[in-house]
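Below is one structure, written out as structure tokens; comments come after it.
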Amino acid sequence: MSNYYVTTSIPYVNGEPHIGFAMELLEADVLARAARQRGETVIFSTGTDEHGTKIAQKADSLGITPRELVDEYSEKFRNLQKLLDISNDRFIRTTDKPHEQRAQLIWKALAKDIYKSKYVGWYDVKEEEFVPEAKADPARMEASHPQAYQKLEEENYFFRLSNYTDAIKAKIESGEFQILPETRRNEILSVLREGLDDISISRPKEKLEWGVPVPGDKKQVMYVWFEALMNYLTVLGYPEHEDFKNFWPADVQVVGKDIIRFHAAIWPGMLMSLGVPLPKTLYVHGHISVNGQKMSKSLGNGVAPQEIVDKYGTDAFRYYFLRHIPSYNDGDFSWESLEAAYNSELANELGNAVQRTAAMIMKYQNGIIGDAKIAQHDINPYEEALAACRFDRALDDVWDRVRGLNQYIEEAKPWEIAKLGDTDHLREVLAYQVGNLLAIADQLEPFMPETAFKIRTV
RNA sequence: CGCGGGAUGGAGCAGCGGCAGCUCGCGUGGCUCAUAACCACGAGGUCAGAGGUUCGAGUCCUCUUCCCGCAACCA
């Protein structure tokens, strides 16, 4: 029996969970559930990223401690998982003691590629990023600008990412480290072709207390991004725990397109320095707009996952986002299209197919089902879609089957067979319908666990 | 030349070298087991424009026009 390890990124807890991250959870959840269905042993990990300047500042502005802030927000992300029926096995917080301790072990293991140097330049507080001179927006260098950079001149630790440019590129080109979809792979290859600079990986403690201390240097804490990436290893108990030995490298890491650089450049560099294999696949999903507009707190067009679930239920939420937001592209959410999908696809096509089958069995056979075998069907398109993280395609294939069943019923006309009194034939036809529904339920299981269960038990 | 993504029937999208397709909507018909549901058929596109490669181009190359993201809280 094989092992399967899938992760989501760990969202930064300075805001409410939104439908974008909800979709990421769903995608990883489908992969995890599908792997379990195949009989694999699964670790599905998600969590929250809780250190750094922005959180310290936000807590400060609210008059609470960072600890109180992250406790409150981390809980919201946990609630999102319950809301969406997410089957994660682990939930890691970067403020968990074991994570912090193991992060320090990782730092020490990276020592050969870490050096101290003076950083002079700009720091983007909001993005928690050092901004290279070449990319900096001149307007924001003025102190009066609302999002002015901080001018920094300080001693920091650096990681020799530049050493790994070619090696990372080679792994991606060989397919050993697969990046899906291909446009994202090309994008990162072009970044690598330009070469990677060494990155600053610490901050002076006097400016930021809310971080993991650098081992052996009381004056420095780890840069939040650098430390957050380590969660994928620390959650498995790197370096000594059995889980690390059995489950790393990750089968799939699910991330959003905005953080592809961290996961396709910095993270592989860290792993190579550690002498640890790279994840097998990095799946990069797009972003979701709302009614054609970018989601934005200032526009107030955000959609709360809770609101959708209240109105349509968890499985409808899962279905809509997995099928109607393209897996390989950006997508658009609208209440209208959700409503349409809910009525026409879930209620009419699938719901009705179940309903009419069940009704005929009750009416003609007093509820007794004949010998229902799970129907054969070419499941390759479904499995290929799933293997390629094309969740939308996989569901398309299931729906072909739902439609096929409705067509079959139309052609077989079981109600006429009933009138003719050919009970054997009728039993055969109805059993075939049931067999098809059971097969549909199997395929739906990773996507809509609740619905799959209902179909089986009707 | 900041970076990136797009332009395909009324709407939303797929197709990425071999007869233009899917879903919704619209029209007509069928059926009555089922949810005013389901099934069939039909109308509707010179695939943004120009040039090129090719036996053959939404599909590959070049140029042009126009949209939309990122750079500004956010996956």
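Lettering of chains follows the sequences in order, A, B, ..., and the numbering in each one begins at 1.
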What is the distance from [atom1] of [X] to [atom2] of [N], rounded to the nearest Å?
{"X": "A:E411", "N": "B:rG30", "atom1": "CD", "atom2": "P", "value": "18 Å"}
{"X": "A:D330", "N": "B:rC13", "atom1": "CG", "atom2": "C1'", "value": "14 Å"}
{"X": "A:K257", "N": "B:rA75", "atom1": "NZ", "atom2": "C1'", "value": "10 Å"}
{"X": "A:I288", "N": "B:rG5", "atom1": "CD1", "atom2": "C1'", "value": "16 Å"}
{"X": "A:D396", "N": "B:rA14", "atom1": "CG", "atom2": "C1'", "value": "9 Å"}
{"X": "A:I260", "N": "B:rG4", "atom1": "CD1", "atom2": "P", "value": "13 Å"}
{"X": "A:L395", "N": "B:rC22", "atom1": "CG", "atom2": "P", "value": "20 Å"}
{"X": "A:Q433", "N": "B:rC33", "atom1": "CD", "atom2": "P", "value": "13 Å"}

Partner nucleotide, any strand, of [N] [Watson-Crick/G-U, under 3.5 Å]:
{"N": "B:rG42", "value": "B:rC26"}
{"N": "B:rC63", "value": "B:rG49"}
{"N": "B:rC1", "value": "none"}
{"N": "B:rC16", "value": "none"}

Do A:F44 and A:I86 have side chains that get closer than 4.5 Å, going by heavy atoms?
->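 When only atoms from C-beta onward are counted, A:I86 and A:F44 do touch, with a gap below 4.5 Å.
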Rounded distance in Å between the [atom1] positions of [N] and [M]:
{"N": "B:rG44", "M": "B:rC31", "atom1": "C1'", "value": "27 Å"}
{"N": "B:rA57", "M": "B:rC39", "atom1": "P", "value": "38 Å"}
{"N": "B:rG52", "M": "B:rA11", "atom1": "P", "value": "31 Å"}
{"N": "B:rU28", "M": "B:rU64", "atom1": "P", "value": "49 Å"}
{"N": "B:rA20", "M": "B:rG15", "atom1": "C1'", "value": "9 Å"}
{"N": "B:rG12", "M": "B:rG42", "atom1": "P", "value": "25 Å"}
{"N": "B:rC61", "M": "B:rC16", "atom1": "C1'", "value": "14 Å"}
{"N": "B:rU62", "M": "B:rG45", "atom1": "C1'", "value": "26 Å"}

N/O (side chain, A:R393) to phosphate O (OP1/OP2, B:rG15) under 4.0 Å = yes
Between A:N343 and B:rC24, is there a side-chain N or O to OP1/OP2 distance below 4.0 Å?
->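 So the side chain of A:N343 is outside the cut-off, no N or O lying under 4.0 Å from OP1 or OP2 of B:rC24.
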In terms of the nearest nucleotide of RNA chain B, which residue is placed more toward the 5' end: A:E345 or A:G286?
->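 Looking at RNA chain B, the more 5' nearest nucleotide goes with A:E345.
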Identify, between A:M23 and A:K363, the residue whose nearest nucleotide on RNA chain B lies closer to the 5' end.
-> A:K363
Please find out if less than 6.0 Å separates the ring center of [X] from that of [Y].
{"X": "A:W225", "Y": "A:F262", "result": "yes"}
{"X": "A:H324", "Y": "A:F391", "result": "no"}
{"X": "A:Y320", "Y": "A:Y342", "result": "no"}

Would you indicate which nucleotide in [options] comes nearest to any side-chain atom of [X]?
{"X": "A:I409", "options": "B:rU32, B:rG69, B:rC33", "value": "B:rC33"}
{"X": "A:R356", "options": "B:rC38, B:rG4, B:rA75", "value": "B:rC38"}
{"X": "A:M360", "options": "B:rC38, B:rA75, B:rC33", "value": "B:rC33"}
{"X": "A:W415", "options": "B:rU35, B:rU32, B:rG69", "value": "B:rU32"}
{"X": "A:E349", "options": "B:rU35, B:rG69, B:rC24", "value": "B:rC24"}
{"X": "A:Y364", "options": "B:rU23, B:rC33, B:rG15", "value": "B:rC33"}

At under 4.0 Å between heavy atoms, what does [X] touch on the DNA or RNA strands: base, sugar-phosphate, or nothing?
{"X": "A:R403", "value": "sugar-phosphate"}
{"X": "A:D258", "value": "sugar-phosphate"}
{"X": "A:K413", "value": "nothing"}
{"X": "A:N348", "value": "base"}
{"X": "A:A340", "value": "nothing"}
{"X": "A:N329", "value": "sugar-phosphate"}

Determine, stepwise, if the pair A:K76 / A:D71 fulfils salt bridge (Lys or Arg N to Asp or Glu O under 4.0 Å).
-> CA-CA 9 Å; A:K76 292 183 185 197; A:D71 282 350; over 6 Å; no
Are side-chain N/O atoms of A:T94 and A:H99 paired as donor and acceptor at under 3.5 Å?
-> no
If we ignore angles and hydrogens, is there a donor and acceptor under 3.5 Å between the side chains of A:Y232 and A:H263?
-> yes
What orientation do A:W335 and A:F333 show, parallel under 30°, tilted 30 to 60°, or perpendicular over 60°?
->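 Geometry flag for A:F333 against A:W335: perpendicular rings.
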Judged by whether its glycosidic angle lies within 90° of 0, B:rG58 is syn
Intermediate values then yes/no, side-chain contact (heavy atoms from CB on, under 4.5 Å), A:Y5 and A:T7 | CA-CA 7 Å; A:Y5 179 40; A:T7 68; 3.4 Å; yes
Polar atom pairs (N or O), protein with nucleotides 40-44 of chain B, under 3.5 Å:
residue	atom	partner	partner atom	Å
B:rA40	OP1	A:Q407	NE2	3.2

Any chance you could lay out the ring-ring contact (aromatic ring centres under 6.0 Å, His included) test for A:F77 and A:Y73, step after step, and finish with the verdict?
-> CA-CA 7 Å; A:F77 282 88; A:Y73 275 96; 7.7 Å; no
